[in-house]
Amino acid sequence: MPARPAPTIVSVNRDIRTAVCRFSDGREYTQSIGSMDKNTLIKVGSYLGVKWNGTPMHKSLDEIKALVNEKLTGGQSMPTPTPQPKAVPAVQQGSSLDKVIGNMVADIVKSIPVGIDESAVKELVRDFTAPKFVELADAIAKIRPQVTVVNLPNREPKKLDGVQHMQFNKVLQTLNCGLNVFMVGSAGTGKTTIAERAAQALGLEFSAQSFNAQSSKSDLVGFMTANGVYVGTEFRKRFEFGGVYLMDEIDNANPNILGTLNAALANGYMAFPDGMVKRHDGFVAIAAGNTYGNGATAQYVGRNPIDGATKDRFVFMDILIDENVEDAMMQAEGLDASVLAKWTNIVRSARKNVTSHGLQVIVSPRSARDGARLLKAGFTTTEVVGMTILKGAKPEVSEKVLSGVTL
């Protein structure tokens, strides 16, 4: 592991032998000069105007301490304690948070000279924990439950658990403007989750329907039985009583039935088998697809074209892969930190290769989550890559996908 760059010295207090240090990102902390490592101590010496008489890095730590102390005290030497062996806590194996805390304690104990007084111990603990707490805060942030508070005009604030997609707010604001949204994105990018969370944020009921080539008009408007009883649908519930209705895989539907939606999406009324129904003010329509409704593509060969009149009822938004959401999905599977880091690198490298080579392979967040789950269950990395990323890809394609990837 490369050494951390020495900080910049902001000021030195000669009386209590401390220095204010600054990291490259601007964060500052105070550290006892007697507890500094070689690189930081050299920086203090240079700040004080020590004449090194050669390259300071070639000198021993004791030599550097003596020169710095001479500058601090005006010639009086600082007593150097006789080193004594002491027990150093071993870093516990486990989560990244365990390791950060373990390293913090080990570093503190290693730095305390034998016979030092209580006030100096407290000073050293403070000095060493200042920069370490930055690492600690980062580790805690990764495992702390995420909560998003949504505040919309004329609505009650809503709390949403978990990490929200980076485009969630834009989708939500568009819906709050009273517009129907058509989300376009590759498989597994979180379109369905965005729609469900939007319903929560708006305080509305949520219904979803996945379309396919066999979907019929009755799936939308319902039908009358032979006995004259109306059988309703989720679309009817949301249209009449309010709520968010998600038309998932809309580009997989029979194009002829989507025209049924046109009146509902643009007008205030719609004809159902049992009569005309007024549109509820709280009705919100969301469509989700893998294409823009222009027909089949090389990746999504079963997609159908969508009539222009239907598309005109929506505003379109591209939904991209959010790696923060992907990280949260994988972390939720409880993998060991080192295994998770390796798997994350494989996923991101494979995805980059797919993009750079223009391959028809989908490396989705869903695949990343499924892979983490399989690794947790005991499958090998090679098996998991084949099951979640390659999925039977031809050898020449697999080679490009895994170019530069270590399994």
Side-chain angles (χ1 to χ4, degrees), residues 146-186 189-211 220-221 233-251 253 257-272 276-294 306-322 324-325:
Q146 299 292 311
V147 177
T148 301
V149 179
V150 178
N151 291 287
L152 293 172
N154 303 318
R155 295 182 185 271
E156 292 292 326
K158 296 291 182 179
K159 290 184 178 181
L160 304 180
D161 294 331
V163 178
Q164 307 307 316
H165 194 282
M166 60 184 177
Q167 292 168 276
F168 169 74
N169 186 57
K170 290 186 177 180
V171 173
L172 181 61
Q173 294 297 340
T174 304
L175 294 172
N176 199 48
C177 289
L179 300 174
N180 304 314
V181 176
F182 193 129
M183 297 186 292
V184 183
S186 60
T189 51
K191 299 183 293 295
T192 303
T193 301
I194 290 175
E196 186 175 7
R197 298 283 176 82
Q200 294 178 27
L202 293 168
L204 299 174
E205 294 291 327
F206 175 71
S207 295
Q209 182 171 351
S210 183
F211 288 84
L220 288 171
V221 300
T233 64
E234 289 299 310
F235 172 72
R236 168 68 178 269
K237 291 179 185 177
R238 301 286 73 82
F239 185 82
E240 185 174 4
F241 303 110
V244 174
Y245 178 71
L246 171 64
M247 293 165 278
D248 204 7
E249 311 283 357
I250 190 173
D251 51 351
I257 73 164
L258 295 181
T260 306
L261 295 169
N262 291 351
L265 298 178
N267 303 324
Y269 291 86
M270 183 173 175
F272 287 87
M276 295 294 293
V277 176
K278 182 180 178 180
R279 171 176 173 164
H280 193 280
D281 290 339
F283 172 71
V284 178
I286 302 178
N290 302 127
T291 69
Y292 291 93
N294 298 323
I306 298 175
D307 187 80
T310 302
K311 292 169 65 175
D312 191 53
R313 265 66 176 179
F314 294 91
V315 294
F316 281 63
M317 295 186 67
D318 291 317
I319 304 300
L320 308 176
I321 291 176
D322 186 339
N324 288 328
V325 173

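None of these values were measured; they are calculated from a predicted model. The residues of the chain are indexed from 1 along the displayed sequence.
Of the possible donor and acceptor atoms, one in the side chain of D322 sits under 3.5 Å from a partner among the backbone N and O of M166. In this structure, E234 contributes its side chain and A208 its backbone to no donor-acceptor pair below 3.5 Å. Remark: the backbone N or O of K170 is paired with a side-chain donor or acceptor of T174 at under 3.5 angstrom. Side chain of K311 to main chain of Y292: a donor-acceptor pair is present (N/O by atom type, distance under 3.5 Å, no hydrogens or angles). Using modelled atom types, no side-chain atom of R238 and backbone atom of S207 make a donor-acceptor pair closer than 3.5 Å. Without hydrogens or angle criteria, E249 side chain to A288 main chain gives no donor-acceptor distance under 3.5 Å. When atom types are taken as modelled, the side chain of N180 and the backbone of I286 share no donor-acceptor pair closer than 3.5 angstrom.
Judged by the 6.0 Å and 45° rule, R197 forms no cation-pi pair with F168.
Aromatic ring orientation, F182 versus F314: perpendicular (interplanar angle above 60°, classes split at 30° and 60°).
When all heavy atoms of I194 and I319 are compared, the closest pair comes out as CD1-CG2, 3.9 Å. Between A266 and R279, the closest heavy-atom pair is N-NH1, 4.2 Å. The heavy-atom pair separating L220 from T233 by the smallest distance is O-OG1, 2.7 Å.
If you check the side chains of S186 and N290, you find no donor sitting under 3.5 Å from an acceptor.
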